[in-house]
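The next block holds one structure in the form of structure tokens; read it before the comments.
Only a predicted model underlies this, so the values are computations on that prediction, with no experimental measurement involved. The analysis underlying the following values was restricted to heavy atoms, covering all of them including side chains, and did not include hydrogens, waters or symmetry mates.
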Amino acid sequence: PRPVGESIAVLVLGLLLTGVGATWLWRNIEVNEQYRFDRMAARLKADIEHRFELPTYGLEGLRALYAATRTVEPLQFRAYVESHPMARDLPGVTGFGYAQRVPLDDGAHRYRVMHIEPPTRNAMAPGMDLAGDPVCRSAIERAVRSGMSALAPHTCVSQEAAQQPGFVHLLPLYRDGTDAMTPSQREATAAGVLYVSFGLAELLANTVDAEGQTVDFELFDGDAANDH
């Protein structure tokens with residue numbers, strides 16, 4: 001028989017090896033799971049960003065239509081919107097619209113909705129002043145002065161805003177033949193804004209990982225994520 005000391009040494013060595021092996025295995029599992037989570041999170045982030053960008057493609061097409069023709073009649077506007085299968089290519093979209101810039105006596109401006117499609121989901125929108133709400137006015141001014149699209153709350157244009165949260169993409173239009181290079185020039189030559197509104201619930205529907213996994217996520221407006 002082996003000496004007691006040798007048996008204890010073998011036992012201790014075995015336990016140490018088992019512990020090291022278990023630690024290595026657990027660490028390997030953690031690394032693999034972290035890799036899978038990071039990969040899922042990256043895909044989810046890319047998918048959400050793509051869904052937020054999709055509505056702007058429709059706006060760019062509308063801006064090209066306005067650039068090609070001096071005026072866009074309601075039937076032309078409707079034909080353009082109907083040519084886009086919103087339910088498939090633009091999930092969550094509740095309407096495309098055009099708001100014309102109207103000068104006021106005090107030097108301010110209204111942005112009155114002239115066209116809106118589809119009318120069945122936007123019965124309250126025609127004639128509305130998008131700049132009537134201070135938050136919406138700030139977003140419009142930001143878009144006009146930058147020449148780029150800006151986001152505003154869904155409540156600016158949609159009668160469905162009380163039922164679900166959402167956003168509005170605003171894209172500025174400028175008068176034909178103008179060369180607006182600076183913020184002040186853009187503001188002086190602004191003709192109006194094109195917009196597309198969308199609800200978040202529909203926009204983010206079926207945001208599921210390709211491997212069948214599920215990930216909980218939250219969206220924050222502006223700097224709200226810094227508090228979490």
Worksheet item: For L104, does the CG atom have more than 12 heavy-atom neighbours from other residues, nucleotides or ligands under 6.0 Å away?
Response: yes
Item to complete: Indicate the atoms forming the closest heavy-atom contact of L130 with A99, along with that distance.
Response: CD1-CB, 3.6 Å
Discussion item. Using modelled atom types and a 3.5 Å cut-off, is there a donor and acceptor pairing between side-chain atoms of R145 and backbone atoms of I140?
Written reply: no
Worksheet item: If you count the non-hydrogen atoms of other residues, nucleotides and ligands that lie under 6.0 Å from CG in D106, is the total more than 12?
Response: yes
Worksheet item: R137: what forms a salt bridge (charged side-chain N to carboxylate O under 4.0 Å, His left out) with it, not counting sequence neighbours?
Response: E141
Worksheet item: Please walk me through it: do Y98 and L171 pass side-chain contact (heavy atoms from CB on, under 4.5 Å)?
Response: CA-CA 9 Å; Y98 166 62; L171 189 67; over 6 Å; no
Discussion item. Working to the nearest 0.5 angstrom, can you tell me the gap between Y195 OH and S149 OG?
Written reply: 16.0 Å
Worksheet item: When you measure from the side chain of S138 to the backbone N and O of P134, does any donor-acceptor pair fall under 3.5 Å?
Response: no
Fill in: Check: Y111 main-chain N/O paired with R101 side-chain donor or acceptor under 3.5 Å
no
Item to complete: Report yes if the distance between the aromatic ring centroids of F96 and H115 is under 6.0 Å, otherwise no.
Response: no
Worksheet item: Taking the side chain as C-beta and beyond, is there a heavy-atom pair between V168 and F198 under 4.5 Å?
Response: no
Worksheet entry | From Y66 atom OH to Y174 atom OH, the distance as rounded to the nearest 0.5 Å | 15.5 Å
Discussion item. If you compare all heavy atoms of L65 against all heavy atoms of Q76, which two are closest, and at what distance to 0.1 Å?
Written reply: CD2-O, 4.4 Å
Worksheet item: Can you tell me how far CG of L170 sits from OG of S197, rounded to the nearest 0.5 angstrom?
Response: 10.0 Å
Discussion item. I'd like to know if the side chain of T182 reaches the main chain of Q185, judged simply by a donor and an acceptor atom lying under 3.5 Å from each other, with no hydrogens or angles considered.
Written reply: yes
Discussion item. Once rounded to the nearest 0.5 Å, what's the spacing between atom CG of L194 and atom NE2 of H169?
Written reply: 13.5 Å
Worksheet item: Given side chains that start at C-beta, do those of D129 and R112 come closer than 4.5 Å, heavy atoms only?
Response: no
Worksheet item: What heavy-atom pair brings A143 and A150 nearest, and what distance separates the two atoms?
Response: CB-CB, 3.8 Å
Item to complete: Check whether any side-chain N or O of R186 sits under 3.5 Å from a backbone N or O of M181 as a donor-acceptor pair, and report yes or no.
Response: yes
Worksheet item: Could you state the interatomic distance from CG (D133) to CE (M128), rounded to the nearest 0.5 Å?
Response: 9.0 Å
Worksheet item: What is the minimum heavy-atom distance between A139 and A152, and which atoms define it?
Response: CB-CB, 3.7 Å
Discussion item. Using modelled atom types and a 3.5 Å cut-off, is there a donor and acceptor pairing between side-chain atoms of R175 and backbone atoms of A188?
Written reply: yes
